[in-house]
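The block underneath contains the structure these notes are about, expressed in structure tokens.
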Protein chains: 4
Amino acid sequence: MVAGKMTRRERERQQHISHILGVAEGMFAEKGFFQTTMRQIARKAEFALGTIYAHFRSKRRLYEKVIETQTVGLVDFVIQEMASRSSPRDQIEKFIQSKMAFLHRNRSFLRMYVAELDAPRLDSGQVLPKAARESYDSLLHHLRDVIRLGIKEGSLKSMNPDVLARTIDGLTTAVAVSWLRLRTWPPVEAETRVATELLLRGAAVRPQERDLA
Amino acid sequence: MVAGKMTRRERERQQHISHILGVAEGMFAEKGFFQTTMRQIARKAEFALGTIYAHFRSKRRLYEKVIETQTVGLVDFVIQEMASRSSPRDQIEKFIQSKMAFLHRNRSFLRMYVAELDAPRLDSGQVLPKAARESYDSLLHHLRDVIRLGIKEGSLKSMNPDVLARTIDGLTTAVAVSWLRLRTWPPVEAETRVATELLLRGAAVRPQERDLA
Amino acid sequence: MVAGKMTRRERERQQHISHILGVAEGMFAEKGFFQTTMRQIARKAEFALGTIYAHFRSKRRLYEKVIETQTVGLVDFVIQEMASRSSPRDQIEKFIQSKMAFLHRNRSFLRMYVAELDAPRLDSGQVLPKAARESYDSLLHHLRDVIRLGIKEGSLKSMNPDVLARTIDGLTTAVAVSWLRLRTWPPVEAETRVATELLLRGAAVRPQERDLA
Amino acid sequence: MVAGKMTRRERERQQHISHILGVAEGMFAEKGFFQTTMRQIARKAEFALGTIYAHFRSKRRLYEKVIETQTVGLVDFVIQEMASRSSPRDQIEKFIQSKMAFLHRNRSFLRMYVAELDAPRLDSGQVLPKAARESYDSLLHHLRDVIRLGIKEGSLKSMNPDVLARTIDGLTTAVAVSWLRLRTWPPVEAETRVATELLLRGAAVRPQERDLA
DNA sequence: TATGAATGAGTATTCATTCAT
DNA sequence: AATGAATGAATACTCATTCAT
């Protein structure tokens with residue numbers, strides 16, 4: 001893993017693997033798992049078919065690696081961003097902001113991510129790369145712990161922290177997914193602001209409140 | 001269309017079509033579009049392969065009919081429920097409640113519905129049965145109009161009604177989707193309550209507020 | 001067969017059969033045997049599928065009936081025309097003229113006729129409706145007998161009459177077939193003149209001869 | 001294309017392709033396009049089904065390649081044979097002789113060749129491999145030019161050279177086609193002699209002429 | 001006789017995967 | 001590691017034919 005210690009062979013190998021992963025991500029995102037063929041990936045990656053198989057045991061495996069890589073990237077980014085704040089409410093805001101920003105940037109991953117919501121469609125039973133799932137679950141656990149803290153310190157309503165975490169996560173996903181249907185890619189800041197506002201303060205007007213927009 | 005006027009032949013024909021649609025819905029929901037074969041559907045429906053094709057021109061067509069049928073059912077149900085209330089806020093609540101209730105009941109449709117979020121995966125370009133899409137869009141327009149009214153009468157914050165409608169719709173979907181990952185099918189009432197509370201009043205505690213749960 | 005003696009039922013039956021034969025001929029000629037479906041024929045004939053089968057045991061049978069009908073028509077016409085002349089050479093000319101005229105008129109039959117040159121393509125073994133074959137063979141036998149007579153009386157060169165009959169028949173067919181490839185349907189008279197001239201007097205110029213055209 | 005420069009891989013590849021073409025030719029000739037299945041071809045060629053498709057995009061393509069290959073062979077052979085003579089009449093004789101000899105030798109191609117006379121049956125519209133058609137057309141053009149020359153120098157009657165070329169071509173085809181119906185494969189020399197005699201000098205006896213056979 | 005729904009064997013084609021070089 | 005020819009199971013779809021009404 002440490003580049004400096006690699007032989008040239010090993011270095012090139014890693015480059016090739018990354019290259020293939022990148023190509024595969026684009027194609028899977030664009031056309032979905034079943035409608036992307038290994039041959040297409042090979043052609044686009046400018047490698048022979050056998051070479052792809054030399055690096056990834058199977059199409060399924062390649063797909064998993066793609067998701068895994070991206071998921072870890074997402075989780076790392078979001079956790080790091082959350083760490084830049086201290087109060088639970090700010091951390092939650094950061095969760096929303098950074099997740100949405102990431103998905104906004106990585107349109108192709110967003111596509112695959114949505115596809116994976118539909119777990120059972122691929123193999124029977126298990127949804128997705130265990131590694132990816134575990135990584136993402138750790139993020140949700142982290143969010144839940146932050147929520148728990150917020151409830152304890154009184155800055156959040158006393159709701160079931162698990163449900164709330166799932167809901168916050170779901171809402172951000174849902175908003176991002178709705179982008180996929182739009183003709184134009186909306187500015188992420190505005191969308192984030194609405195989601196955050198909604199989650200923390202709701203859509204309803206309190207007697208004493210005034211316009212927001 | 002009028003049952004009384006149908007010949008026996010026509011009556012049976014309709015029954016067979018409904019039967020096949022039902023079987024197909026279950027299988028598509030369970031295993032996804034690509035991993036469901038026409039032969040499997042035929043076998044389970046206890047018809048010959050050719051018979052399925054006699055009623056639905058292609059696998060794709062069959063799939064579309066399934067979604068179309070269910071989508072129209074969902075839209076009709078939700079609009080009818082909303083009509084039972086008058087104030088915008090109550091109507092929004094009804095939207096959330098009835099949509100979630102419908103998806104809670106129709107687990108297999110929920111699966112297909114999610115799959116279809118991921119538009120481009122099937123055809124290139126268009127997502128889904130135009131009929132289904134148009135039906136659903138009319139529901140969203142209705143919701144938007146209600147929101148607009150709520151804003152005008154001052155019971156909702158002044159946000160972009162389109163964005164808000166998309167977000168409310170997305171949130172309910174997101175919550176329902178999250179069910180798919182759980183081991184146990186959660187009671188719909190509790191889930192609905194959280195979603196509604198969140199959307200209308202948010203997760204944050206106001207100074208003067210007390211515990212909710 | 002005698003219309004006057006038929007019941008209405010029988011009369012209608014015959015009309016339906018003729019109608020179907022006509023439709024089938026057009027379609028077989030246009031698209032060939034394999035690319036014409038029974039359903040298409042039924043649809044175009046405005047009968048139900050089962051009705052076609054009620055009249056013709058199978059697709060093959062229907063096809064044979066079509067060819068049979070037309071072949072008999074061709075043979076009857078040519079023999080009758082030949083009978084209008086007495087000298088062998090005139091009879092041969094009449095054979096060429098009338099056969100070419102018939103094929104010129106019945107473009108769709110011409111197509112099927114050509115297809116049938118390629119005997120083995122349909123069933124293994126036998127080419128075509130025995131009835132049609134026998135009918136056509138009787139025509140060729142007749143032509144051969146005329147040739148024999150011509151040779152005996154010294155107006156034709158002493159060639160093998162069978163080979164010559166086959167060749168004359170083949171030539172007329174060949175010329176007709178060549179029409180199929182042309183953009184415009186050529187006038188039958190000119191074509192016939194060339195074929196006749198060629199067959200009887202050849203393309204070569206004799207010392208004493210002058211231009212023909 | 002240069003055998004010496006090929007890698008073993010490429011060399012084998014070409015051999016396999018030739019082998020498949022040979023097998024396919026035999027089967028298409030024997031049973032026709034529609035009644036030959038790709039599986040049969042694969043089985044007979046002792047390759048897996050997929051391998052056939054790896055070399056020929058589709059059944060249609062394979063069929064076209066077969067005809068193309070053979071047509072080019074026929075054209076090359078005939079043109080080369082014609083070139084061995086100088087006078088137009090001798091060249092025409094050579095055309096007849098060599099074309100008939102080729103078809104006599106390549107019975108299976110003869111079958112396919114006939115089938116292709118029936119243009120519209122396969123595709124709608126265009127008949128056959130453009131390459132094959134163009135190749136054959138060039139042969140006919142060549143023949144026409146030779147005829148034109150013969151007319152100019154006075155050794156041929158002054159007929160339309162295009163029509164005459166088509167007719168000569170048609171006659172040779174017609175004779176060859178007639179073989180397909182015979183029980184025994186007739187000696188090519190005798191058949192050729194009749195055809196040539198007929199075309200050049202006709203069947204009719206001139207006053208001063210005597211027996212030929 | 002006429003109908004048309006039902007049947008199921010048959011077919012072209014695709015594509016993940018293997019393996020000898 | 002890289003190559004790409006070969007494999008063959010899998011799959012959507014067609015269509016001649018049957019048969020109950």
Side-chain angles (χ1 to χ4, degrees), chain A residues 9-10 12-13 16-17 34-43 45-62, chain B residues 7-10 12-13 16-17 34-43 45-62, chain C residues 9-10 12-13 16-17 34-43 45-62, chain D residues 7-10 12-13 16-17 34-43 45-62:
Chain A
R9 293 276 283 231
E10 181 58 19
E12 283 186 0
R13 190 185 133 85
H16 292 175
I17 288 181
F34 289 107
Q35 293 198 320
T36 300
T37 72
M38 289 299 264
R39 214 176 219 81
Q40 286 165 4
I41 293 172
R43 189 132 46 220
E46 293 177 286
F47 279 110
L49 195 47
T51 308
I52 311 292
Y53 277 90
H55 290 301
F56 303 92
R57 205 180 298 285
S58 70
K59 184 183 181 185
R60 199 63 229 275
R61 222 32 219 132
L62 170 56
Chain B
T7 62
R8 184 183 49 70
R9 206 93 166 233
E10 181 59 18
E12 281 185 0
R13 192 186 139 86
H16 293 174
I17 289 180
F34 290 107
Q35 292 200 320
T36 300
T37 73
M38 288 300 264
R39 213 174 286 277
Q40 285 165 4
I41 293 173
R43 189 129 48 218
E46 293 178 286
F47 278 112
L49 190 49
T51 308
I52 311 292
Y53 278 94
H55 290 302
F56 304 92
R57 212 181 296 287
S58 68
K59 184 183 179 184
R60 200 62 228 277
R61 280 297 282 161
L62 171 54
Chain C
R9 293 277 282 230
E10 181 58 19
E12 282 186 0
R13 189 186 134 87
H16 291 177
I17 288 181
F34 290 106
Q35 293 198 320
T36 300
T37 72
M38 289 298 265
R39 214 176 220 82
Q40 286 165 4
I41 293 172
R43 188 132 47 220
E46 294 178 284
F47 278 112
L49 195 47
T51 308
I52 311 292
Y53 276 91
H55 290 300
F56 305 91
R57 205 181 298 289
S58 70
K59 183 185 182 184
R60 201 60 230 276
R61 220 40 215 130
L62 170 56
Chain D
T7 61
R8 183 183 49 71
R9 206 99 164 225
E10 180 60 16
E12 281 185 1
R13 191 185 139 85
H16 293 174
I17 288 181
F34 291 107
Q35 291 200 322
T36 300
T37 71
M38 288 299 264
R39 213 174 288 276
Q40 284 164 6
I41 293 173
R43 189 129 49 218
E46 294 178 285
F47 277 111
L49 192 47
T51 308
I52 311 293
Y53 278 93
H55 290 301
F56 304 92
R57 214 181 294 287
S58 70
K59 185 184 179 183
R60 199 62 228 275
R61 281 294 285 160
L62 171 55

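Here is how names work: the chains are called A, B, and so on, in the same order as the sequence lines, proteins then strands, and each is numbered from 1.
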Hunt down the Watson-Crick or G-U wobble partner of E:dT21, both distances under 3.5 Å, from any strand shown, or write none. F:dA2
Identify, between D:Ala54 and B:Ser58, the residue whose nearest nucleotide on DNA chain F lies closer to the 5' end. D:Ala54
If you look at every strand shown and take non-hydrogen atoms under 4.0 Å, does D:Arg9 touch a base, only sugar-phosphate, or nothing? base
Gap between atom [atom2] of [Y] and atom [atom1] of [X] - 0.5 Å precision:
X       : Y       : atom1 : atom2 : answer
B:Leu62 : B:Ile17 : CG    : CD1   : 10.5 Å
C:Glu46 : C:His16 : CD    : NE2   : 11.0 Å
A:Lys59 : A:Thr37 : NZ    : OG1   : 7.0 Å

Nearest-Å distance, [atom1] ([X]) to [atom2] ([N])?
X       : N      : atom1 : atom2 : value
A:Phe34 : F:dA12 : CZ    : P     : 12 Å
B:Gln35 : E:dA16 : CD    : C1'   : 13 Å
C:Arg60 : F:dT17 : CZ    : C1'   : 16 Å
B:Ile52 : F:dT14 : CD1   : P     : 14 Å
A:Glu46 : F:dA2  : CD    : C1'   : 14 Å
D:Leu49 : E:dG10 : CG    : P     : 16 Å
B:Phe56 : E:dA6  : CZ    : C1'   : 15 Å
B:Lys59 : F:dA10 : NZ    : P     : 15 Å

For [N] and [X] - does any side-chain N or O of the residue sit under 4.0 Å from the phosphate oxygens OP1/OP2?
X       : N     : answer
B:Arg13 : E:dA5 : yes
D:Thr51 : F:dA5 : no
D:His16 : F:dA6 : yes
B:His55 : E:dA5 : no

Could you pick out which residue, D:Met38 or A:Gly50, lies toward the 5' side of DNA chain E when each is mapped onto its nearest nucleotide? D:Met38
Please tell me which of B:Glu12 and D:Thr36 maps to the more 5' nucleotide of DNA chain E, matching each residue to the nucleotide holding its nearest heavy atom. B:Glu12
Between [options], spot the one nearest the side chain of [X], thanks.
X       : options                : result
B:Thr37 : F:dT11, F:dC13, E:dT21 : F:dT11
C:Tyr53 : F:dA10, F:dT17, F:dT21 : F:dT17
C:Arg39 : E:dA16, F:dT17, E:dG10 : F:dT17
A:Phe47 : E:dA2, E:dT17, F:dT3   : F:dT3

Heavy-atom donor-acceptor pair, D:Glu10 side chain to D:Thr7 backbone, under 3.5 Å: no
Tell me the closest heavy-atom pair linking B:Gln35 and B:Gln40, and the distance in Å. O-OE1, 3.7 Å
For a 4.5 angstrom cut-off between non-hydrogen side-chain atoms, does D:Ile41 reach D:Met38? yes
